[in-house]
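Report on one structure; see the data block that follows.
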Amino acid sequence: MARLDQAWDDRLARPAADLAIVGTLAWLKEDFEAHLARQNDQLPSSRIGSLLMPKIGRVATWFTLVYSSASLADHLPIPGSVNAVILDGNGAIKYLSEIEAPVVICVLDRSVADETAAELVIQLRNTRSEPLSLNNDLGWPPPAGVEALAFTVAL
């Protein structure tokens, strides 16, 4: 019914990149080694990298694009097949205005005294957005210690 069979060969030869992550590559590689598990679950935990980067495991259906924030300008624009972009850190968030994707997630580094990235996100939220409730609209109550804003912006 979805007619996925019509482009199946193309999808196997060139899988769609659904997610792009921009940040400091050394830190992202460390983050990919972390394990995810549910409490009181009998199943073994999974590495974040095995979930986000299945291309490494030779899965032929999707993969994640990973860019260094230092060289992102060389790779702009992000491919149109990307549905979500994670901008990790202040160096990546400075490209926020140049990213066109349905979902953009900004991870602010509050340990840095420079508030430029946070001000950029707040300015975007205040000028062209509609706020979303994390609990009601997205069904995600943030854990303790996590500061999060959600809002929509017209593309």
Side-chain angles (χ1 to χ4, degrees), residues 2 4 7-38 45-132 134 137-140 142-143 145-155:
L4 295 176
W8 187 252
D9 291 340
D10 291 336
R11 287 176 52 128
L12 288 177
R14 278 188 353 164
D18 301 309
L19 175 66
I21 302 174
V22 182
T24 305
L25 290 183
W27 295 348
L28 290 175
K29 288 179 182 179
E30 285 180 23
D31 291 342
F32 291 162
E33 294 302 316
H35 283 255
L36 295 175
R38 293 184 291 196
S45 63
S46 298
R47 277 186 334 99
I48 291 174
S50 67
L51 299 172
L52 293 178
M53 307 292 289
K55 186 177 183 184
I56 293 170
R58 298 185 183 211
V59 174
T61 55
W62 78 92
F63 67 95
T64 300
L65 297 170
V66 178
Y67 298 107
S68 166
S69 55
S71 63
L72 181 62
D74 298 336
H75 300 285
L76 289 174
I78 300 287
S81 64
V82 171
N83 293 322
V85 178
I86 299 173
L87 300 174
D88 186 9
N90 299 346
I93 292 172
K94 70 181 179 185
Y95 294 103
L96 179 60
S97 61
E98 300 176 44
I99 303 295
E100 292 186 10
V103 176
V104 179
I105 299 165
C106 297
V107 180
L108 296 168
D109 183 0
R110 292 296 195 175
S111 67
V112 178
D114 183 14
E115 292 289 326
T116 307
E119 290 172 4
L120 180 64
V121 172
I122 297 299
Q123 179 184 4
L124 181 64
R125 183 192 72 167
N126 290 342
T127 58
R128 302 184 333 189
S129 73
E130 301 222 5
L132 293 173
L134 293 172
D137 296 329
L138 300 179
W140 181 66
V146 172
E147 175 186 1
L149 297 172
F151 53 92
T152 61
V153 175
L155 291 177

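Quick note: residue numbers are just sequence positions, from 1.
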Query raised in the report: Between atom OG of Ser69 and atom CG of Leu25, what is the distance when rounded to the nearest 0.5 Å?
Result: 7.5 Å
Report task. Taking the side chain as every heavy atom from C-beta outward, state whether Phe151 and Val121 have any atom pair closer than 4.5 Å. Result -> yes
Report task. Give every residue pair that meets the side chain to side chain donor-acceptor pair (under 3.5 Å) criterion with at least one member in residues 116-126, sequence neighbours excluded. Result -> Asp114-Thr116
Report task. Would you give the length of the straight line joining atom CD1 of Ile21 to atom CG of Leu87, rounded to the nearest 0.5 angstrom? Result -> 10.5 Å
Query raised in the report: Does any pair with a residue in residues 22-34 pass side chain to side chain donor-acceptor pair (under 3.5 Å), and if so which ones, sequence neighbours excluded?
Result: Glu33-Arg47
Report task. Considering non-hydrogen atoms only, spot the tightest contact between Asn83 and Pro102 and give its length. Result -> O-CD, 3.4 Å
Report task. Please identify each residue that fulfils salt bridge (charged side-chain N to carboxylate O under 4.0 Å, His left out) with Glu98, with sequence neighbours left out. Result -> none
Query raised in the report: Going from CG on Leu28 to CD1 on Ile86, what distance comes out if it is rounded to the nearest 0.5 angstrom?
Result: 9.0 Å
Query raised in the report: For the residue pair Ile78 and Ile99, what are the closest heavy atoms and their distance?
Result: CG1-CD1, 3.8 Å
Query - Residues forming a side-chain contact (heavy atoms from CB on, under 4.5 Å) with Pro131, sequence neighbours excluded - result: none
For residues 89-97, which side-chain donor-acceptor pairs fall under 3.5 Å, sequence neighbours excluded?
none

Requested in this report: Can you sort out the partners of Ala70 under side-chain contact (heavy atoms from CB on, under 4.5 Å), two or more places apart, ordered by chain and number?
Outcome: Ser68
